[in-house]
A.B. asks: 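Got a structure for you, written out below as structure tokens; questions coming shortly.
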Amino acid sequence: MTLTSNNQQPTTNNQIRVRFAPSPTGNLHIGSARTALFNWLFAKNNKGTFVLRIEDTDRARSIKEYEESILDDMSWLGLDFDEGPGKGNFGPYHQSKRFDLYKKKVNKLIKEGKAYNCYCSIEQLQTEKKKALVEGRPPRYSGRCRKLTEKELSDLKDESIKPSVRFAVKKDVLKVDDLIYGQISFDLEEISDFVIQRADGSPTFHLAVVVDDGEMKISHIIRGEDHLSNTPKHILLFDALGYQQPTFAHIPIILGPDRTKLSKRHEAAAISEYRENGFLPEAMINYLSLLSWSPPQEQEVLSREELINFFEISNVSKSPAIFDIDKLKWLNGQHIRRLSDKELAQKIKPSLESKKMLAGNNKLKLIASAIKDDLITITEAPDYANVFFQEEISFNKEAKKYLKENLAQQAILSFKELFEKSSSQNLEEAKELLKQHSKKLKRQGIKGKNAFMPIRLALTGSYSGPELFYLVSILENEKVMNRLNQALNLG
Ligand code: GLU
């Protein structure tokens with residue numbers, strides 16, 4: 001007999017139910033965030049349900065702070081869940097609160113002869129394992145306790161040894177149609193009877209995950225490729241427990257720039273680091289989406305709505321993705337350019353304030369507009385905005401020499417005269433003023449760079465920076481005058 005995973009698509013869209021099931025043993029990192037995103041996109045694209053389940057069966061390693069930070073990061077990324085802690089009808093959504101259910105299911109499996117008590121001690125198992133390795137065999141459980149006689153069983157019970165529970169694997173070939181990897185065959189000969197409940201009564205990952213996916217009516221399991229080897233065990237359990245089998249889609253791994261699996265060892269693998277370092281959630285999910293998925297028409301800068309519309313799990317490739325920070329930075333810049341001045345102003349405000357660069361809303365909006373095209377990350381804003389806040393301007397030797405020249409002095413003087421005459425400078429007025437300045441100087445035979453560079457240098461002390469009209473309109477009139485005078489005094 002060949003078991004084939006039951007991969008029928010649910011008949012109506014509203015039956016699509018996917019889940020993201022993080023273990024709160026660390027922060028949300030790039031890989032799990034992408035898994036969450038693909039599940040979320042798949043749910044949104046199919047008008048399905050996105051479930052968040054906290055897999056905290058490992059009591060020692062599961063930490064509340066990690067759970068909170070995972071939830072925070074998901075909310076920052078905008079990956080809102082339809083069901084999860086605090087909402088939904090399939091809860092509780094913490095595995096630690098579902099132990100009674102797991103026990104019930106294990107007992108049922110034992111009663112039906114699909115699982116059995118195993119009394120082997122750790123020492124016994126280790127000896128067996130060592131022997132297998134020495135003999136060049138794969139270290140698999142021998143199945144000893146499966147074959148215990150009634151008499152042996154009752155003797156062991158009398159010794160009051162607490163047994164673990166193992167699933168009795170039928171030796172067979174199992175085929176799975178994975179939405180990304182296509183058909184995969186697993187030889188169950190290679191899978192020994194695996195533990196589903198530990199001697200202390202706690203469920204193993206395999207049991208808990210299948211019971212939950214079954215009970216929560218999960219239609220599609222979209223998860224990292226690192227779980228592929230668990231899939232045959234899970235299919236066996238779905239079958240044994242009488243649950244409808246979900247469709248599987250395993251996503252390829254993400255490699256670091258050194259082509260090893262992206263992990264905590266790599267710089268900035270945690271989402272929170274990007275959040276703190278001035279990346280936008282829009283850019284982050286856009287970038288994560290492109291890790292092994294390709295949008296149609298090769299359009300790479302995509303909004304959240306576009307991602308939802310275009311996402312197709314069948315367009316996810318089998319090849320590993322390579323994490324490329326430069327591309328993420330480029331996308332971040334692109335998403336910054338897409339923000340309105342008002343939105344960008346709100347985003348840069350905290351980093352400016354942290355550097356004591358205080359400004360009202362209008363000024364902030366102008367600054368946002370002035371620096372928008374330069375920014376790669378939000379946290380860089382103070383570097384670019386500094387020019388609007390610095391109190392003192394100093395000139396290096398070269399700038400001093402340039403400003404002392406007659407041509408520069410003439411340009412500054414001419415501009416000063418115009419500037420003095422016009423009292424307020426909104427952006428349009430500033431542009432107009434600079435146009436007049438250029439015309440006036442042209443009549444005196446001074447053109448282009450010679451007309452504008454002296455003003456820029458006088459106002460900022462630097463040869464580059466934001467457009468001059470921003471400087472003229474954002475800097476207070478008095479500051480502009482002082483700086484023009486300071487430069488004129490050099491002459
Ligand atoms: N809790 C598992 C993990 O964090 C996910 C299990 C699954 O997706 O099936 O890797």
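Residue numbers count from 1 along this sequence. Below, all heavy atoms of this structure are taken into account, side chains as well, without hydrogens, waters or symmetry copies.
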A.B. asks: Under the salt bridge (charged side-chain N to carboxylate O under 4.0 Å, His left out) rule, what pairs show up with a residue in residues 401-410, not counting sequence neighbours?
C.D. replies: none
A.B. asks: With heavy-atom distances below 4.5 Å as the criterion, would you say the side chains of Val210 and Lys233 are in contact?
C.D. replies: no
A.B. asks: Ignoring hydrogens, what is the shortest heavy-atom contact between Leu77 and Pro281? Give both atom names and the distance.
C.D. replies: CA-CB, 4.0 Å
A.B. asks: Are any non-hydrogen side-chain atoms of Pro466 and Phe388 less than 4.5 angstrom apart?
C.D. replies: yes
A.B. asks: Looking at Glu282 and Arg338, does any basic side-chain N land under 4.0 Å from a carboxylate oxygen?
C.D. replies: no
A.B. asks: Quick check: does any side chain N or O of Thr260 sit under 3.5 Å from a backbone N or O of Gly256, one acting as donor and the other as acceptor?
C.D. replies: no
A.B. asks: Hey, could you give me the CD1/CG distance between Ile184 and Asp178, rounded to the nearest 0.5 Å?
C.D. replies: 4.5 Å
A.B. asks: Side chains of Leu459 and Val387, heavy atoms from C-beta outward: is any pair under 4.5 Å?
C.D. replies: no
A.B. asks: If you measure from the Lys or Arg side-chain nitrogens to the Asp or Glu carboxylate oxygens, is any gap between Lys327 and Glu300 under 4.0 Å?
C.D. replies: yes
A.B. asks: How long is the span from the CG atom in Asp56 to the NZ atom in Lys97, to the nearest 0.5 Å?
C.D. replies: 8.0 Å
A.B. asks: Examine distances only and state if a side-chain atom of Arg198 and a backbone atom of Pro203 form a donor-acceptor pair shorter than 3.5 Å.
C.D. replies: yes
A.B. asks: Listing request: all ring-ring contact (aromatic ring centres under 6.0 Å, His included) pairs with a residue in residues 432-472, at least two apart in sequence or in separate chains.
C.D. replies: Phe415-His437, His437-Phe452
A.B. asks: Among Ile180, Asn315, Ile253, Val316, which residue meets the side-chain contact (heavy atoms from CB on, under 4.5 Å) test with Ser292?
C.D. replies: Val316
A.B. asks: What do the steps show when you test Arg223 against Thr231 for side chain to side chain donor-acceptor pair (under 3.5 Å), and what is the final call?
C.D. replies: CA-CA 10 Å; Arg223 63 182 175 189; Thr231 297; 2.9 Å; yes
A.B. asks: So is Lys363 actually on top of Phe389's ring, under 6.0 Å and inside 45° of the axis?
C.D. replies: yes
A.B. asks: Quick check: does any side chain N or O of Thr379 sit under 3.5 Å from a backbone N or O of Asn277, one acting as donor and the other as acceptor?
C.D. replies: yes
A.B. asks: Please name the pair of heavy atoms, one in Ile251 and one in Tyr181, separated by the smallest distance, quoted to 0.1 Å.
C.D. replies: C-OH, 4.5 Å
A.B. asks: Could you tell me which non-hydrogen atom of Ile378 sits nearest to which non-hydrogen atom of Ile336, and how far apart they are?
C.D. replies: CD1-CD1, 4.0 Å
A.B. asks: Using salt bridge (Lys or Arg N to Asp or Glu O under 4.0 Å), reason through Glu225 and Lys318 one step at a time and then give a plain yes or no.
C.D. replies: CA-CA 9 Å; Glu225 176 247 23; Lys318 277 188 264 190; over 6 Å; no
A.B. asks: Heavy atoms only: give me the nearest Ala385-Ile367 pair and the separation to one decimal.
C.D. replies: CB-CG2, 3.8 Å
A.B. asks: Say you draw a straight line from CD1 of Ile30 to CD1 of Ile254; how long is it, rounded to the nearest 0.5 Å?
C.D. replies: 7.0 Å
A.B. asks: Glu67 side chain to Ile54 main-chain N or O, any donor-acceptor pair under 3.5 Å?
C.D. replies: no
A.B. asks: Would you list the pairs meeting side-chain hydrogen bond (donor to acceptor under 3.5 Å, both in side chains) in which at least one residue belongs to residues 204-215, sequence neighbours left out?
C.D. replies: Arg19-Asp213, Arg53-Asp213, Gln95-Asp212, Arg98-Asp212, Tyr102-Asp212, Lys105-Glu215, His206-His234, Glu215-Tyr243
A.B. asks: From Leu344 CG over to Leu375 CG, what is the distance, rounded to the nearest 0.5 angstrom?
C.D. replies: 6.0 Å
A.B. asks: Between Arg337 and Lys372 (side chain of the first, backbone of the second, donor and acceptor by atom type, cut-off under 3.5 Å), is there such a pair?
C.D. replies: yes
A.B. asks: Ignoring hydrogens, what is the shortest heavy-atom contact between Ile271 and Trp76? Give both atom names and the distance.
C.D. replies: CG2-CZ3, 3.8 Å
A.B. asks: Determine, step by step, whether Leu37 and Ser289 satisfy the side-chain contact (heavy atoms from CB on, under 4.5 Å) criterion, reporting the C-alpha distance in whole Å, the side-chain angles of both residues, the deciding distance to 0.1 Å, and the verdict.
C.D. replies: CA-CA 7 Å; Leu37 173 67; Ser289 80; 3.9 Å; yes
A.B. asks: Looking at side-chain heavy atoms only, is the closest gap between Ile325 and Trp330 below 4.5 Å?
C.D. replies: no
A.B. asks: Can you tell me if Gln346 uses its side chain to pair, donor with acceptor, with the backbone of Glu343 under 3.5 Å?
C.D. replies: no
A.B. asks: Side-chain contact, heavy-atom cut-off 4.5 Å: Tyr66 with Leu28?
C.D. replies: no
A.B. asks: Phe38 ring centre to Arg34 NZ or CZ under 6.0 Å, with the angle to the axis within 45°?
C.D. replies: yes
A.B. asks: Hey, is the main chain of Lys400 close enough, under 3.5 Å, to the side chain of Glu398 for a donor-acceptor pair?
C.D. replies: no
A.B. asks: Would a distance-only check, ignoring hydrogens and angles, find a side-chain to backbone donor-acceptor pair under 3.5 Å from Glu306 to Ser303?
C.D. replies: yes
A.B. asks: Counting only N and O atoms by type, is there a donor-acceptor contact under 3.5 Å from the side chain of His94 to the main-chain atoms of Ser96?
C.D. replies: no
A.B. asks: Which atoms form the tightest heavy-atom contact between Ser23 and Ile70, and what is the distance?
C.D. replies: O-CD1, 4.1 Å
A.B. asks: Could you tell me if Ser185 and Lys175 have a donor-acceptor pair between their side chains, going purely by distance under 3.5 Å?
C.D. replies: no
A.B. asks: Output all residues satisfying side chain to side chain donor-acceptor pair (under 3.5 Å) with Asn485, sequence neighbours left out; order by chain, then residue number.
C.D. replies: Lys416
A.B. asks: Side-chain contact, heavy-atom cut-off 4.5 Å: Leu471 with Thr460?
C.D. replies: yes
A.B. asks: Could you give the distance from CG (Asn27) to CD (Glu65), rounded to the nearest 0.5 Å?
C.D. replies: 10.5 Å
A.B. asks: Would you call the rings of Phe20 and Phe50 parallel, tilted or perpendicular, taking 30° and 60° as the class edges?
C.D. replies: parallel
A.B. asks: Regarding Arg17 and the six-membered ring of Phe90, is the cationic atom NZ or CZ under 6.0 Å from the ring centre and inside 45° of its axis?
C.D. replies: yes
A.B. asks: Any donor and acceptor pair, going by atom type alone, linking the side chain of Asn332 with main-chain N or O of Ala283 inside 3.5 Å?
C.D. replies: no
A.B. asks: Listed by chain and number, what are the side-chain contact (heavy atoms from CB on, under 4.5 Å) partners of Arg61, not counting sequence neighbours?
C.D. replies: Thr25, Asp58
A.B. asks: Do Asn230 and Phe205 touch side chain to side chain, with heavy atoms closer than 4.5 Å?
C.D. replies: yes
A.B. asks: May I ask you to check whether over 12 heavy atoms, not counting those of Lys87, lie within 6.0 Å of atom NZ?
C.D. replies: yes
A.B. asks: State, yes or no, whether a side-chain contact exists between Phe310 and Leu302 at a heavy-atom distance under 4.5 Å.
C.D. replies: yes
A.B. asks: Go through the structure and list residues passing side chain to side chain donor-acceptor pair (under 3.5 Å) with Asn406, not counting sequence neighbours.
C.D. replies: none
A.B. asks: Might you confirm whether atom NZ of Lys440 has over 12 heavy atoms from other residues, nucleotides or ligands at distances under 6.0 Å?
C.D. replies: yes
A.B. asks: How long is the straight-line distance from CD of Glu467 back to CG of Asp373, given to the nearest 0.5 Å?
C.D. replies: 9.0 Å
A.B. asks: Can you check side-chain contact (heavy atoms from CB on, under 4.5 Å) on Asn45 and Asn309, steps first, answer last?
C.D. replies: CA-CA 6 Å; Asn45 178 276; Asn309 287 336; 5.6 Å; no
A.B. asks: Count the heavy atoms belonging to other residues, nucleotides or ligands that lie under 6.0 Å from NZ of Lys129, then report whether that count exceeds 12.
C.D. replies: no
A.B. asks: Tell me whether Arg59 forms a cation-pi arrangement with Phe99, defined as NZ or CZ under 6.0 Å from the six-membered ring centre and within 45 degrees of its axis.
C.D. replies: yes
A.B. asks: Check whether more than 12 heavy atoms from other residues, nucleotides or ligands sit under 6.0 Å from atom CD of Glu392, and answer yes or no.
C.D. replies: no
A.B. asks: Against Lys479, only a single residue in Leu475, Asn477, Asn482 fulfils side-chain contact (heavy atoms from CB on, under 4.5 Å); can you say which?
C.D. replies: Leu475
